[in-house]
Asks: 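Okay, handing you the structure first.
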2 protein chains.
Amino acid sequence: MVADTPELVPLLAHLARISRRAAERAADDDDTTLRPRHVIALELLRDRGPMSQRDLGAALSLDPSNVVGLLNELERDGLLERRRDPRDRRRHVVTLSASGVRAHERSAHRYREIEDRIFASLTAAERRAVHDLLSRVAADAADAARPEPRD
Amino acid sequence: MVADTPELVPLLAHLARISRRAAERAADDDDTTLRPRHVIALELLRDRGPMSQRDLGAALSLDPSNVVGLLNELERDGLLERRRDPRDRRRHVVTLSASGVRAHERSAHRYREIEDRIFASLTAAERRAVHDLLSRVAADAADAARPEPRD
DNA sequence: TATTGTTATACTCTATAACTATA
DNA sequence: TATAGTTATAGAGTATAACAATA
């Protein structure tokens with residue numbers, strides 16, 4: 001008898017690399033598709049509303065020092081805004097912009113084209129099942145990363 | 001109406017990072033757990049038998065120049081062997097060792113402990129479903145990466 | 001000429017430490 | 001003192017180019 005519980009962690013890393021390389025091969029030279037972590041950042045802001053850089057970094061599982069660079073890029077392109085929190089001037093409150101919503105939609109569309117090839121062996125229902133289950137895991141991880149619910 | 005087909009690529013990258021960081025936090029200082037791509041490499045050799053570095057790299061979706069370093073590590077620790085193919089002396093045939101099988105099992109066990117936390121919001125059946133579906137995608141990707149079936 | 005494996009190298013991603021400004 | 005954000009920096013991961021050996 002072998003593993004009664006499967007090891008998913010190496011499999012996730014493996015498929016993440018396959019996906020990333022497929023996206024790179026599919027990209028033109030002047031490709032503006034957002035990279036995965038940009039997409040996730042915009043989704044978190046869209047689904048959970050404005051939040052501090054700290055909370056965003058925790059939800060992304062990204063080191064604070066790297067959140068800075070990520071937000072610099074997204075802010076430079078006008079996809080979000082950073083404003084100082086008047087109630088705690090140490091904090092920057094990050095807010096998604098209308099451009100950010102549109103950019104997210106464009107990139108999501110591009111990723112779906114890539115997925116049509118990578119996940120061709122799954123039926124539409126199976127793809128949806130994988131997406132729903134993994135989304136739940138990601139949402140719970142984001143909740144767990146923010147132990148103090150605001151106000 | 002929003003996305004009728006989900007975007008999985010960013011989600012996979014996101015969960016891969018969450019998993020990797022959870023594994024790092026759980027590791028002792030003298031941790032010998034194999035990293036995800038080592039685990040996948042050993043699994044490919046176990047499930048598909050000996051193959052050339054080129055084919056292994058293609059199945060891993062890893063650049064040939066980086067396959068070298070990966071195999072150097074695994075060979076140094078005795079988990080696999082490289083032998084010149086007598087029928088084509090350019091090729092190195094990579095073969096899993098008995099130590100490699102044991103090392104894989106130990107690491108797989110460690111990853112399962114980490115997954116118990118990450119995937120706590122899924123039932124055992126749901127975890128199995130995700131694993132089975134993603135395994136199929138990975139297996140098909142590995143097949144597609146080796147377009148010429150040997151003899 | 002083309003392919004396999006290799007080396008050298010640059011670029012991206014990520015973590016750690018030290019700093020600043022605020023609390 | 002402690003925390004949010006930032007900067008600097010080193011290490012890991014990865015891709016590209018050039019090379020040697022072999023076909």
Side-chain angles (χ1 to χ4, degrees), chain A residues 10 13-14 16-25 27 29 31 34-38 40-41 50-76 80-94 145-148 150, chain B residues 10 13-14 16-25 27 29 31 33-38 40-41 50-75 80-94 145-148 150:
Chain A
H14 182 46
R17 176 164 49 235
I18 289 174
S19 303
R20 180 181 52 75
R21 293 185 106 209
E24 274 166 14
R25 275 196 307 276
D29 282 349
D31 194 321
L34 298 167
R35 273 157 296 165
R37 86 198 91 106
H38 299 83
I40 299 291
M51 64 181 86
S52 71
Q53 293 192 196
R54 184 191 168 284
D55 287 348
L56 184 59
L60 286 167
S61 197
L62 209 58
D63 191 272
S65 64
N66 299 321
V67 173
V68 175
L70 177 70
L71 294 184
N72 285 348
E73 294 174 10
L74 293 171
E75 192 178 38
R76 167 175 47 75
L80 52 77
E81 282 182 9
R82 277 191 272 209
R83 299 197 207 91
R84 227 171 247 290
D85 184 342
R87 286 178 303 183
D88 182 345
R89 295 183 40 78
R90 291 172 305 183
R91 291 177 180 253
H92 283 173
V93 177
V94 183
R146 191 202 42 166
E148 53 228 310
R150 206 61 60 73
Chain B
H14 182 46
R17 176 165 48 237
I18 289 174
S19 302
R20 180 182 51 73
R21 292 185 106 207
E24 273 167 14
R25 275 197 306 276
D29 282 349
D31 194 321
T33 307
L34 297 167
R35 274 156 296 163
R37 87 196 88 109
H38 297 83
I40 299 291
M51 63 182 85
S52 73
Q53 292 191 196
R54 184 191 167 286
D55 288 347
L56 184 59
L60 286 166
S61 195
L62 210 57
D63 191 89
S65 64
N66 299 321
V67 173
V68 176
L70 177 70
L71 294 184
N72 285 348
E73 294 174 11
L74 293 171
E75 194 179 36
L80 53 77
E81 281 182 9
R82 274 191 274 209
R83 298 196 208 91
R84 227 172 245 292
D85 183 342
R87 288 178 302 184
D88 183 344
R89 292 184 41 77
R90 292 173 303 184
R91 290 175 180 255
H92 282 173
V93 177
V94 184
R146 192 201 41 164
E148 54 229 312
R150 205 62 61 71

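Throughout, protein chains are lettered first and strands after them, A, B, ... in sequence-line order, and every chain is numbered starting at 1.
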Asks: Can you give me the N/O atom pairs linking the protein to nucleotides 18-23 of chain C at distances under 3.5 Å, or say none if there are none?
Replies:
residue: dA23(C); atom: OP1; partner: R89(A); partner atom: N; Å: 3.1

Asks: Test side-chain contact (heavy atoms from CB on, under 4.5 Å) on V94(A) and L74(A) and set out the steps.
Replies: CA-CA 11 Å; V94(A) 183; L74(A) 293 171; over 6 Å; no
Asks: Rounding to an integer number of Å, can you tell me how far M51(B) CE sits from dT4(C) C1'?
Replies: 16 Å
Asks: Nearest-Å distance, CD1 (I18(A)) to P (dA15(D))?
Replies: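 In whole Å, dA15(D) P lies 12 Å from I18(A) CD1.
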Asks: Please determine if a side-chain N or O atom of R82(B) lies less than 4.0 Å away from the OP1 or OP2 oxygen of dT6(C).
Replies: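 So the side-chain polar atoms of R82(B) do come within 4.0 Å of the phosphate oxygens OP1 or OP2 of dT6(C), strictly under.
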Asks: Holding to side chain to side chain donor-acceptor pair (under 3.5 Å), I want the full list of residues that pass it with E75(B), two or more places apart in sequence or in another chain.
Replies: R82(B)
Asks: Output the rounded distance in Å from CG (L56(A)) to C1' (dT6(D)).
Replies: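 Distance, rounded to whole Å: 16 Å.
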Asks: Let me know the distance between CG of N72(B) and P of dA8(C), rounded to the nearest Å.
Replies: 12 Å
Asks: With no angle test and no hydrogens, is the base of dT16(D) tied to the side chain of S65(B) by a donor-acceptor pair under 3.5 Å?
Replies: yes
Asks: Over how many whole Å does the gap from Q53(B) atom CD to dA20(D) atom P extend?
Replies: 19 Å
Asks: Determine the minimum heavy-atom distance between D55(A) and M51(A), stating which atoms define it.
Replies: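 In terms of heavy atoms, the two residues are closest at C-SD, 3.9 Å.
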Asks: Rounded to whole Å, please give me the gap between CG in L70(A) and P in dT6(D).
Replies: 12 Å
Asks: Name each donor-acceptor pair under 3.5 Å that joins a side chain in residues 62-70 of chain B to protein atoms two or more places apart or in another chain, with its distance.
Replies:
residue: D63(B); atom: OD2; partner: S65(B); partner atom: N; Å: 3.0
residue: D63(B); atom: OD2; partner: S65(B); partner atom: OG; Å: 2.6

Asks: Quick check: closest heavy atoms across V93(B) and P50(B), and the distance to 0.1 Å?
Replies: CG1-CB, 3.8 Å
Asks: Who pairs with R37(B) by side chain to side chain donor-acceptor pair (under 3.5 Å), at least two apart in sequence or on another chain?
Replies: none
Asks: Give the minimum heavy-atom separation between A13(B) and P36(A), together with the two atoms involved.
Replies: CB-CB, 3.6 Å
Asks: What protein N or O atoms touch nucleotides 11-14 of chain C N or O atoms at under 3.5 angstrom, if any, and at what distances?
Replies:
residue: dC13(C); atom: OP1; partner: R35(A); partner atom: NH1; Å: 3.0
residue: dC13(C); atom: OP1; partner: R37(A); partner atom: NH2; Å: 2.7
residue: dC13(C); atom: OP2; partner: R35(A); partner atom: NH1; Å: 3.1
residue: dC13(C); atom: O5'; partner: R37(A); partner atom: NH2; Å: 3.4
residue: dT14(C); atom: OP1; partner: R17(B); partner atom: NH1; Å: 3.1

Asks: Go through the steps for R84(B) and R91(B) under the test side-chain contact (heavy atoms from CB on, under 4.5 Å), then give the verdict.
Replies: CA-CA 6 Å; R84(B) 227 172 245 292; R91(B) 290 175 180 255; over 6 Å; no
Asks: Atom NE2 of H92(A) and atom P of dG5(D): how far apart are they, to the nearest Å?
Replies: 7 Å
Asks: Could you work out, with side chain to side chain donor-acceptor pair (under 3.5 Å) as the rule, every residue matching R21(A), not counting sequence neighbours?
Replies: S61(B)
